[in-house]
S.K.: 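I'd like to ask you about the structure that follows.
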Amino acid sequence: MKIATYNVNGINARLPVLLRWLEATTPDVVCLQELKAPQEKFPAQAIADVGYHGIWHGQKSWNGVAILTRNLEIEEVRRALPGDEEDEQSRYLEAIVNNIHIGCLYLPNGNPAPGPKFDYKLRWFERLNAHAATLLALDKPVVLTGDFNVIPTELDAYKPERWVEDALFRPESRSAFQALVGQGWTDALRKLYPDQTIYTFWDYFRNAYERNAGLRIDHFLLSPQLDGRLIAAGVDHAVRGWEKTSDHAPVWIQLAEE
DNA sequence: ATGACACCTAGGAGGTGA
């Protein structure tokens, strides 16, 4: 089973690229982030026409997450991260597909740091880590994936020294991510490629993609029940070179059947 | 060190992203 994650940066602006990528790579499950569309503006029909259906939690202008599947049943578990009833931002969606719990997340960017946005990021991270611990306690196959907005290590950034003051790379963000993985999760791409440069995001500015000036900020975390089922993983980086493309590229994993 | 590019909502220009 192939699961993919893709920060589309506006699902309606990205629709031709998304459909082309879906038809070319046919993942079984797709997690999307940054829909930038209200619930009723999700292009469900166009997506159905290429064989996908699913659930989404939209929001006007910003954020928004979706989980799509192809020929599989999808059972929604929750459409918000627990721990703050006041949090209005659509950044988390969780479903069960093929007996796998899938958490699709869009962690806050947090810039400028320090400041209220960075505080929100760290609070959101605390809630994520608390919820992740409850997911591990299920003793079931769980995938946590999406745009974490965290550069885990120096290996994950082109010119890491440029990012030391940035919310994506500040010690608080890195240690929160480290604490999360330390609960017992497997960073799928790092497991398969421990020393390799892997990027999932390239700035629109200054020909960052052409220069391969990227970041690894979109991740797949696997519960111990899935660790042994990881067969392959990768980044569809060529999509980043298409016309009218997102600044992120899709990331995917392949899992063995039970 | 700065600003570059693209998205959104609007119906111009500003907020947000990473």
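Below, chains carry the letters A, B, ... as their sequence lines are ordered, and counting in each starts from 1.
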S.K.: What's the gap between dA4(B) and dG14(B) when it is taken at their P atoms, as a whole Å value?
M.R.: 15 Å

S.K.: Do Glu76(A) and Arg79(A) sit within salt-bridge range, that is, some charged N less than 4.0 Å from a carboxylate O?
M.R.: yes

S.K.: Is the closest basic N to carboxylate O distance between Arg190(A) and Asp195(A) below 4.0 Å?
M.R.: no

S.K.: Nearest 0.5 Å, what's the CG-CD1 distance between Leu18(A) and Ile47(A)?
M.R.: 5.5 Å

S.K.: For Asp227(A), is there an ion pair with Lys191(A) - N to carboxylate O distance below 4.0 angstrom?
M.R.: yes

S.K.: Would you list the protein and nucleotides 5-9 of chain B atom pairs, both N or O, that sit under 3.5 Å from each other?
M.R.:
| unit_1 | atom_1 | unit_2 | atom_2 | d |
| --- | --- | --- | --- | --- |
| dC7(B) | OP1 | Arg14(A) | NH1 | 3.4 |
| dC7(B) | OP1 | Lys244(A) | NZ | 3.4 |
| dC7(B) | OP2 | Lys244(A) | NZ | 3.4 |

S.K.: Does the side chain of Gln33(A) reach to within under 4.5 Å of the side chain of Arg91(A), using non-hydrogen atoms?
M.R.: no

S.K.: Atom CZ of Arg211(A) and atom P of dA4(B): how far apart are they, to the nearest Å?
M.R.: 15 Å

S.K.: Under 4.0 angstrom, heavy atoms only, what part of the nucleic acid is Asp147(A) near: base, sugar-phosphate, or nothing?
M.R.: sugar-phosphate

S.K.: Can you tell me how far P in dA6(B) sits from the matching atom in dA10(B), rounded to whole Å?
M.R.: 23 Å

S.K.: What integer distance in Å separates Arg162(A):CZ from dA1(B):P?
M.R.: 9 Å

S.K.: Tell me: NZ of Lys159(A) to C1' of dT2(B), nearest whole Å?
M.R.: 14 Å

S.K.: For Asp87(A), is there an ion pair with Arg123(A) - N to carboxylate O distance below 4.0 angstrom?
M.R.: no

S.K.: For Tyr209(A), report the nucleic acid contact type (base, sugar-phosphate, nothing); a contact means any heavy atom under 4.0 Å.
M.R.: nothing

S.K.: Determine the Euclidean distance between corresponding P atoms of dA1(B) and dG11(B); express it in Å to zero decimal places.
M.R.: 39 Å

S.K.: Between Arg170(A) and Glu172(A), is there a salt bridge with N-O shorter than 4.0 Å?
M.R.: yes

S.K.: Could you state the CG-C1' distance from Asn207(A) to dG3(B), rounded to the nearest angstrom?
M.R.: 14 Å

S.K.: Nearest whole angstrom, please: distance from the P of dT16(B) to the OH of Tyr106(A).
M.R.: 12 Å

S.K.: Which part of the nucleic acid does Asp166(A) contact within heavy-atom distance under 4.0 Å: base, sugar-phosphate only, or nothing?
M.R.: nothing

S.K.: Distance check needed: dG15(B) P versus Asn63(A) CG, whole Å only.
M.R.: 17 Å

